[in-house]
Amino acid sequence: MPASRACSVQTPVYGVAMSLAESPLQRPPNLGLVRHDWTRAEVRALFELPFPELMFEAQRVHRLHFDPAEVQISTLMSIKTGGCPEDCAYCPQSAKYHTGVKAEKLMSLDAVLADARAAKAAGASRFCMGAAWREPKDRDLEQVCAMVAGVRALGLETCATLGMLTPAQAGRLKASGLDYYNHNLDTSPEYYGAIITTRTYTNRLDTLAAVRAAGIAVCCGGIVGMGEGVEDRAGLIAALASLPVHPESVPINLLVRVEGTPLSTGDRKAEPIDPLEFVRTIAVARIAMPKSVVRLSAGREDMSEETQALCFLAGANSIFYGPKLLTTKNPGRDRDRALMDKLGLKPMRT
Ligand code: SAM
Ligand code: DTB
Ligand code: SF4
């Protein structure tokens with residue numbers, strides 16, 4: 001061994017886990033390889049690691065597959081807002097709750113393309129169109145397909161999140177040029193029923209299978225801070241990492257608590273989660289799905305710069321950029337540019 005590697009205070013060579021090598025902790029085998037057989041217990045054990053060990057492993061895995069200074073930039077647009085028949089307890093767009101979000105019609109093609117042009121000019125590489133539907137009707141899908149084709153023609157990657165899809169609908173979206181489809185598992189299979197009753201976990205897995213079979217890249221993650229336990233956060237990551245192919249994109253959302261939703265008040269009120277537990281969830285997602293782009297998704301508006309910086313250190317490498325998510329606030333572009341400059345982060349090359 002060259003002299004420079006013999007001493008434990010030298011700059012580490014990536015892939016050589018110096019502190020773990022000297023620690024009594026056993027590193028699970030094959031960290032950094034893509035595996036589909038993650039057990040809940042293994043994922044749970046990652047959550048239990050001392051914070052420095054977890055962060056070290058997450059960074060090691062991150063650097064095996066990504067440039068840690070690069071962040072993928074997406075912009076989100078609500079193309080059909082509010083009035084949704086589903087009862088997702090976190091969602092301001094459900095017609096079942098009084099949140100002040102007004103139901104609107106599907107936007108026009110021109111309005112969507114104008115927004116997409118602005119997003120591109122501001123530096124986004126992907127444009128994600130969200131609709132508050134349980135599932136798209138075929139005539140709505142026709143219009144969304146035209147939007148997808150138009151956005152793609154602008155030179156942006158395309159993403160849509162429209163609710164449940166049949167295989168035929170997924171095929172039509174693929175044919176129109178859809179690159180990514182977002183459909184989240186949201187939480188663990190066990191906690192899911194406490195959050196949504198109008199569709200099942202299996203419904204979600206079926207949509208994900210239809211998207212995958214159509215050849216569209218999968219964007220699938222969940223929400224943290226809905227009153228779930230660490231067991232559920234581990235269950236979510238284990239479910240995502242056990243999919244036959246890992247999602248190419250994994251959004252980890254921090255609950256945006258919106259007044260009027262069941263999680264905002266009363267006996268179902270979700271208490272805010274410790275920011276470090278959110279960081280841990282990002283780190284565990286990074287380790288369990290080494291090649292996936294992990295998005296530090298909703299919830300950044302009220303997040304400190306320090307917490308966001310820790311999320312990037314934990315392996316997050318994507319954000320939504322622009323002052324609005326679907327119906328709630330996201331940091332303004334100036335604020336995000338300043339943070340990225342301060343941290344030396346740059347847009348991911350596509
Ligand atoms: N209606 C479609 C569906 O549910 O699949 C697409 C839009 S829906 C708003 C997309 C995702 O946004 C949800 O699955 C959920 O994970 C996330 N989301 C919605 N409201 C949220 C909130 N208040 N805080 C954090 N994430 C939220
Ligand atoms: C995802 O995982 N998060 C985004 C996107 N997919 C569609 C949505 C966040 C929504 C936050 C609440 C709102 O703005 O309405
Ligand atoms: Fe509807 Fe989607 Fe909101 Fe659920 S998350 S209420 S399906 S818009």
Side-chain angles (χ1 to χ4, degrees), residues 74-97 99-104 106 126-136 140 144 159-165 169 180-187 191-192 195-201 203-208 210-211 218-228 236 240 247 249-264 270 272-273 278 281 285 292-303 316 318-331:
S74 290
T75 287
L76 192 52
M77 181 187 189
S78 182
I79 59 168
K80 156 68 185 88
T81 304
C84 182
E86 301 286 280
D87 70 352
C88 312
Y90 48 76
C91 186
Q93 302 201 69
S94 167
K96 301 196 189 297
Y97 315 130
T99 62
V101 171
K102 279 208 320 266
E104 291 170 15
L106 181 60
R126 188 177 309 159
F127 190 69
C128 180
M129 293 162 271
W133 287 324
R134 172 179 166 79
E135 70 244 304
D140 292 328
V144 176
C159 176
T161 178
L162 316 169
M164 294 186 285
L165 291 184
Q169 290 178 321
Y180 289 81
Y181 194 79
N182 167 243
H183 198 66
N184 291 336
L185 290 179
D186 279 350
T187 189
Y191 196 60
Y192 183 87
I195 300 295
I196 300 146
T197 68
T198 47
R199 71 172 105 155
T200 65
Y201 218 71
N203 290 151
R204 288 181 186 258
L205 292 169
D206 289 347
T207 292
L208 293 172
V211 169
V218 170
C219 172
C220 182
I223 309 177
V224 172
M226 298 195 293
E228 79 287 340
L236 167 67
L240 293 168
S249 165
V250 179
I252 304 294
N253 297 278
L254 179 62
L255 175 70
V256 181
R257 241 180 333 150
V258 177
E259 223 176 291
T261 60
L263 298 185
S264 72
I273 191 173
F278 184 77
T281 310
S292 303
V293 169
V294 175
R295 181 173 303 129
L296 165 54
S297 192
R300 292 195 304 114
E301 171 66 2
D302 296 323
M303 206 178 272
S318 171
I319 55 168
F320 282 125
Y321 182 58
K324 204 167 174 198
L325 293 167
L326 292 172
T327 65
T328 64
K329 278 189 175 168
N330 198 43

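Atoms within a ligand are numbered from 1 in the order they appear, just like the ligands themselves. No hydrogens, no waters, no symmetry mates; every other heavy atom, side chains included, goes into these values.
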For this session: Heavy-atom distances under 4.0 Å are what count here, so tell me which part of Thr261 touches ligand 1: side chain, backbone, both or neither.
Result: neither

Problem set entry | Heavy-atom side-chain contact between Leu263 and Tyr97 under 4.5 Å | no

Exercise. Should Ala131 be listed as contacting ligand 1, given a heavy-atom distance under 4.0 Å as the test?
Worked result: yes

Problem set entry | Which residues share a salt bridge (charged side-chain N to carboxylate O under 4.0 Å, His left out) with Arg295, sequence neighbours left out | none

Exercise. Any protein heavy atom lying closer than 4.0 Å to atom 16 (O) of ligand 1?
Worked result: yes

For this session: Over all heavy atoms of both residues, which pair between Thr187 and Tyr201 is shortest? Give the atoms and the distance, please.
Result: O-OH, 2.6 Å

Exercise. Which pair of non-hydrogen atoms, one from Ala270 and one from Leu255, has the smallest distance, and what is that distance?
Worked result: CB-CD2, 4.1 Å

Exercise. Which residue supplies the protein heavy atom nearest to atom 14 (O) of ligand 1, what is that atom called, and how far is it?
Worked result: Asp186 OD1, 3.3 Å

For this session: Output yes when a side-chain donor or acceptor of Tyr191 lies under 3.5 Å from a complementary backbone atom of Met226, and no otherwise.
Result: yes

Seminar exercise, completed: atom 27 (C) of ligand 1 sits nearest the protein heavy atom Ile223 CD1, 3.7 Å

Problem set entry | Any Arg199 heavy atom less than 4.0 Å from ligand 1 | yes

For this session: Say whether, by atom type as modelled, one donor and one acceptor occur between the side chain of Asn330 and the main chain of Gly322 under 3.5 angstrom.
Result: yes

Exercise. Ligand 1 versus Thr328, non-hydrogen atoms closer than 4.0 Å: side chain, backbone, both, neither?
Worked result: neither

Problem set entry | Where ligand 1 meets Leu254 - atom numbers and elements under 4.0 angstrom, heavy-atom basis | 25 (C)

For this session: Kindly say whether Gly222 contributes a backbone atom to a donor-acceptor pair with the side chain of Asn253 at under 3.5 angstrom?
Result: yes

Exercise. Can you check whether Thr261's main-chain N or O pairs, donor with acceptor, with Ser264's side chain at less than 3.5 Å?
Worked result: yes

Exercise. Which residue supplies the protein heavy atom nearest to atom 21 (C) of ligand 1, what is that atom called, and how far is it?
Worked result: Tyr90 CD1, 3.7 Å

Exercise. Heavy-atom distance under 4.5 Å between the side chains of Asn184 and Thr161, does that happen here?
Worked result: no

For this session: Nearest 0.5 Å please: distance from the CZ atom of Arg134 over to the OG atom of Ser94.
Result: 12.0 Å

Exercise. Is His183 touching ligand 1 with its side chain, its backbone, both, or neither, if touching means heavy atoms under 4.0 Å apart?
Worked result: side chain

Problem set entry | Protein residue, atom and distance nearest to atom 12 (O) of ligand 1, heavy-atom basis | Asn184 ND2, 4.4 Å

Seminar exercise, completed: Per-atom filter on ligand 3: closer than 4.0 angstrom to a heavy atom of Tyr90 are 5 (S)

Seminar exercise, completed: of all protein heavy atoms, closest to atom 9 (C) of ligand 1 is Leu326 CD1, 3.4 Å

Problem set entry | Protein-derived N, O or S atoms lying under 2.8 Å from atom 1 (Fe) of ligand 3, waters excluded | 1

Exercise. Under 4.0 Å from ligand 1, counting heavy atoms only, is it the side chain of Thr161, its backbone, both or neither?
Worked result: both

Exercise. Partners of Tyr321 by side-chain hydrogen bond (donor to acceptor under 3.5 Å, both in side chains), sequence neighbours excluded?
Worked result: Arg337

Exercise. If you measure every N/O of Trp133 against every N/O of ligand 1, is any gap under 3.5 Å?
Worked result: yes

Exercise. Can you name the nearest heavy-atom pair linking His183 to Leu208, along with the distance?
Worked result: O-CD2, 3.4 Å

Exercise. Which pair of non-hydrogen atoms, one from Leu165 and one from Pro136, has the smallest distance, and what is that distance?
Worked result: CD2-CG, 3.7 Å

For this session: Write out the residue and atom name of the closest protein heavy atom to atom 24 (N) of ligand 1, then the distance separating them to 0.1 Å.
Result: Val256 N, 3.0 Å

If you look at each N/O of ligand 2, which protein N/O atoms lie under 3.5 Å away, and at what distance?
{"residue": "ligand 2", "atom": "2 (O)", "partner": "Asn184", "partner atom": "ND2", "Å": "2.8"}
{"residue": "ligand 2", "atom": "2 (O)", "partner": "Asn253", "partner atom": "ND2", "Å": "2.8"}
{"residue": "ligand 2", "atom": "3 (N)", "partner": "Asn253", "partner atom": "OD1", "Å": "3.0"}
{"residue": "ligand 2", "atom": "6 (N)", "partner": "Asn182", "partner atom": "OD1", "Å": "3.0"}
{"residue": "ligand 2", "atom": "14 (O)", "partner": "Leu326", "partner atom": "N", "Å": "3.0"}
{"residue": "ligand 2", "atom": "14 (O)", "partner": "Thr327", "partner atom": "N", "Å": "2.9"}
{"residue": "ligand 2", "atom": "14 (O)", "partner": "Thr328", "partner atom": "N", "Å": "2.9"}
{"residue": "ligand 2", "atom": "14 (O)", "partner": "Thr328", "partner atom": "OG1", "Å": "2.8"}
{"residue": "ligand 2", "atom": "15 (O)", "partner": "Thr327", "partner atom": "N", "Å": "3.2"}
{"residue": "ligand 2", "atom": "15 (O)", "partner": "Thr327", "partner atom": "OG1", "Å": "2.7"}

Exercise. At a 4.0 Å cut-off, with the gap strictly under it, does some heavy atom of Gly163 reach an atom of ligand 1?
Worked result: yes

Exercise. Is the shortest heavy-atom distance from the side chain of Gln93 to the side chain of Leu326 under 4.5 Å?
Worked result: yes

Seminar exercise, completed: The reported gap from CD in Glu228 to CG in Leu236 (rounded to nearest 0.5 angstrom) is 8.5 Å

For this session: Would you name the heavy atoms of Leu296 and Ala316 that are closest together and state the gap between them?
Result: CB-CB, 4.0 Å

Exercise. Within less than 4.0 angstrom of ligand 1, does Leu263 place any heavy atom?
Worked result: no

Problem set entry | Donor + acceptor pair across side chains of Tyr90, Asp186 (<3.5 Å) | yes

Problem set entry | Distance-minimising heavy-atom pair for Ser297 and Phe320 | OG-CE1, 3.3 Å

Exercise. Could you go step by step and tell me if Glu135 and Asn203 meet the side chain to side chain contact (heavy atoms under 4.5 Å, CB included) rule?
Worked result: CA-CA 11 Å; Glu135 70 244 304; Asn203 290 151; over 6 Å; no

Exercise. Just heavy atoms, cut-off under 4.0 Å: does Arg199 contact ligand 3 by side chain, backbone, both, or neither?
Worked result: side chain

Exercise. Hey, does Arg204 come in under 3.5 Å of ligand 1, counting only N/O atoms on both sides?
Worked result: no

